Amino acid sequence: MMTGMDSRFVGIAELAEAPSVAVVVDVMRAFTVAAWAFGQGAEKIVLAESLDEALALKARHPDWAALKDGPPAPGFDMVNSPGLLRSVDLRGRTVVQKTTAGTVGALAVKEASLVLCAGFVVAEATARLLRTRGSDGVTFVVTGEGGQAEEDLACAEYIAGRVSGAGTESAGFLRRAARSRAAAELAQGVRQGAHPDDVPLCLEVDRFPFAMVAALEGSLMVVRPCAVPSPAGDAPS
Ligand SMILES: O=C(O)[C@H](CS(=O)(=O)O)OP(=O)(O)O
Ligand SMILES: [Mg+2]
């Protein structure tokens, strides 16, 4: 199905007012990690505004699992690495996540009527949800490097292409992401709290069948997986 969707690609700082529909993209690594957390059984992810808030939430809910980017730190259970997270059993757990870019981007659009958190691992489910909803305007928040992160921009453009029609192929977009600064820094060990498999895991297209919807629940921004069944008319590509 073709849609006449109007796509805007903006950095976090360019967000003047809450968009109606926002897709917040963080390929490396926040939303790849979020998808893996759901893959490992997490029930929900609470996005923390700050490290202090993450620790306060953990103190109030000792059974929640607190996750931050960068190196391991006291009070936190996990770091922002899909390669490290994939061996953790999170069945039924609530995860609290605080990262430099991804979680900040989602919190910046918390007033939007629909917020999807995305990376390549949930690209098709995200596109399908947007198609199903028939949104005519979508703001893609490119969270890394002031809106210039090549891995996030490539993924955002790929998802936008998939929304408009099934013909968009992933290969070129993945090549751009693989050549990004983030990929190089992860491969070179510049970014801490990493596993050697992080880059390939972040570049796995459609590893998971769900989209990730973030919404305010009381005062907290909460991400939950959302199954998006393939409509009978959706032609495979
Ligand atoms: O963990 C990450 O990859 C980054 C943090 S940094 O760029 O390595 O400092 O956070 P994210 O919000 O997932 O981009
Ligand atoms: Mg990032």
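Please read these numbers as outputs of a predicted model, since none were measured by experiment. In listed order, ligands and their atoms are each counted from 1.
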If only atom types and distance count, is the side chain of Asp152 paired as donor or acceptor with the main-chain N or O of Val27 below 3.5 Å?
yes
Looking at Gly39, is its backbone amide N or carbonyl O close enough to the side chain of Arg207 to form a donor-acceptor pair, meaning the two atoms are under 3.5 Å apart?
no
Please report which non-hydrogen protein atom sits nearest to [atom], along with the residue it belongs to and the distance in Å to one decimal place.
{"atom": "atom 10 (O) of ligand 1", "value": "Asp69 OD2, 3.1 Å"}
{"atom": "atom 6 (S) of ligand 1", "value": "Arg191 NH1, 3.9 Å"}
{"atom": "atom 12 (O) of ligand 1", "value": "Thr99 OG1, 2.6 Å"}
{"atom": "atom 3 (O) of ligand 1", "value": "Arg29 NE, 2.9 Å"}
{"atom": "atom 9 (O) of ligand 1", "value": "Thr100 OG1, 3.8 Å"}

Side chain or backbone of Glu185 under 4.0 Å from ligand 1, or both, or neither, by non-hydrogen atoms?
neither
If you measure every N or O of Gly70 against every N or O of ligand 1, does any of those distances drop under 3.5 Å?
no
Side chain or backbone, does Asp26 bring an N or O within less than 3.5 Å of an N or O on ligand 1?
yes
Of the backbone and side-chain N, O or S atoms of Met28, does one lie nearer to the Mg ion (ligand 2) than 2.8 Å?
yes
When you measure from the Mg ion (ligand 2) to the N, O or S atoms of Asp26, does any of those distances fall below 2.8 Å?
yes
Val95/Met78 under side-chain contact (heavy atoms from CB on, under 4.5 Å): CA gap, chis, key distance, verdict
CA-CA 10 Å; Val95 172; Met78 302 179 295; 4.2 Å; yes
Any heavy-atom pair between the side chains of Leu85 and Leu67 that's under 4.5 Å?
yes
For the ring pair (Phe, Tyr, Trp, His ring centres under 6.0 Å) test, which of Phe38, Trp36, Phe120 pairs with Phe208?
Trp36
side-chain hydrogen bond (donor to acceptor under 3.5 Å, both in side chains) between Asp198 and Ser81, worked out:
CA-CA 6 Å; Asp198 278 357; Ser81 158; 2.9 Å; yes
Heavy-atom contacts with Ala30 under 4.0 Å: which atoms of ligand 1 show up? List them by number with element.
13 (O)
Test Glu151 against Arg176 for salt bridge (charged side-chain N to carboxylate O under 4.0 Å, His left out), laying out the working first.
CA-CA 7 Å; Glu151 74 282 10; Arg176 286 168 54 192; over 6 Å; no
Is it the case that more than 12 heavy atoms not belonging to Arg86 sit under 6.0 Å from its CZ atom?
yes
